[in-house]
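Note on naming: letters A, B, ... go to the chains in the order of the sequence lines (proteins, then strands), and numbering restarts at 1 for each one.
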There are 2 protein chains.
Amino acid sequence: MSNEVKLLRFLAQDMTQAELGKRVGLTRQTIAAIEQGRYSPSLDVAFRIAHVFGKGIDDVFHWQPGGDDRSAD
Amino acid sequence: MSNEVKLLRFLAQDMTQAELGKRVGLTRQTIAAIEQGRYSPSLDVAFRIAHVFGKGIDDVFHWQPGGDDRSAD
DNA sequence: ACATCATGTTAGATATATTTGACATTAAGT
DNA sequence: ACTTAATGTCAAATATATCTAACATGATGT
């Protein structure tokens, strides 16, 4: 599972990891870990992140049936 | 956060909780808990469930900005 | 009445997400 | 050179998701 969080932060006036974390109720370390695909966030967190950028979940997180890796880094 | 998992199971030839669990790699107890909104599944699990029904995540799980409850049961 | 199947539920264990606190690095501003 | 802001990373703690094993209930079939 890969995601566009880092890109979307840049598109959103260079929003910082700490700022995003504040807006969704997470620490900056957690944002960093999610951006790097170190683990799969809860669905609730995924919705909150997508909401900050005014996007749908599928626009932010990309999932493929057999895909258990992070190859789209 | 509410969801349509139970409904979608019925629409899918009365698929059983155990059968759905088998298909997505979860136990039937976990499926039951998710259906009842007892907790927010991981994003990965949400994608796998939606995929079984050929739906998008937003078709299966409904989230509202301020919504921390399960009132749409 | 008995057996079976699907579901609800619960307690205790394990796995994973998330936090907290700390330290390192790199880029930018003074 | 110094400071500050943003990020990477890590270890240890806490919270939450998920599993396992068990027992209960209602519906269905024999």
Handout entry: Exercise: identify the closest heavy-atom pair between B:I49 and B:F61
Key = CD1-CZ, 4.4 Å

Completion exercise
Of the candidates D:dT20, C:dT18, C:dT9, the side chain of B:A32 sits closest to C:dT9

Exercise for the section: Check whether the side chain of A:Q29 and the base of C:dG21 form a donor-acceptor pair under 3.5 Å. Expected result: yes

Practice task
Kindly say whether A:D44 contributes a backbone atom to a donor-acceptor pair with the side chain of B:S40 at under 3.5 angstrom?
Solution key: yes

Handout entry: Presence of B:T30 side-chain N/O under 4.0 Å of D:dC19 phosphate oxygens OP1/OP2
Key = yes

Exercise for the section: Side chain of B:R28 only, please: which of D:dT7, D:dC19, D:dC23 is the nearest? Expected result: D:dC23

Exercise for the section: Using a heavy-atom cut-off of under 4.0 Å over every strand shown, decide if A:T16 touches base, sugar-phosphate, or nothing. Expected result: sugar-phosphate

Handout entry: Closest listed nucleotide, where the reference is the side chain of A:R9 and the choices are D:dT20, C:dA22, D:dT7
Key = D:dT7

Exercise for the section: Measure the distance from CZ on B:F61 to P on D:dA17 and round it to the nearest whole Å. Expected result: 13 Å

Exercise for the section: Take atom CD1 of A:I34 and atom P of C:dA17, then tell me their distance rounded to the nearest Å. Expected result: 10 Å

Exercise for the section: Would you classify B:G25 as touching base, sugar-phosphate or nothing, given that sugar-phosphate means primed atoms plus P, OP1 and OP2, and contacts are heavy atoms under 4.0 Å? Expected result: sugar-phosphate

Handout entry: Phosphate OP1/OP2 of D:dG8: any A:K6 side-chain N/O under 4.0 Å
Key = yes

Exercise for the section: Could you pull out the closest heavy-atom pair between B:A46 and B:I57, with the gap in Å? Expected result: CB-CD1, 3.9 Å

Problem - B:Q36 CD - C:dA6 P separation (whole Å) - result: 17 Å

Practice task
Look at the side-chain N and O atoms of B:S42 and state whether any lies under 4.0 Å from the OP1 or OP2 oxygen of D:dA17.
Solution key: no

Practice task
Report the distance from atom CZ of B:F10 to atom P of C:dA6, rounded to the nearest whole Å.
Solution key: 12 Å

Practice task
Take atom CG of B:L43 and atom C1' of C:dT16, then tell me their distance rounded to the nearest Å.
Solution key: 14 Å

Problem - Integer-rounded Å distance: C:dT16 P and B:Y39 OH - result: 14 Å

Exercise for the section: Report the distance from atom CG of B:L26 to atom P of D:dT20, rounded to the nearest whole Å. Expected result: 11 Å

Fill in the blank from the handout: Which of D:dG8, D:dT9, C:dT18 is nearest the side chain of A:R38? It is D:dT9

Handout entry: Whole-Å gap separating P (C:dG8) and CD1 (B:I31)
Key = 12 Å

Fill in the blank from the handout: Considering only heavy side-chain atoms of A:Q17, the closest of C:dT18, D:dT18, D:dT7 is D:dT7

Fill in the blank from the handout: Which of B:E19, B:E4, B:E35 passes salt bridge (charged side-chain N to carboxylate O under 4.0 Å, His left out) with B:R9? Answer is B:E35

Problem - Contact check, side chains of A:I31 and A:V24, non-hydrogen atoms, under 4.5 Å - result: yes

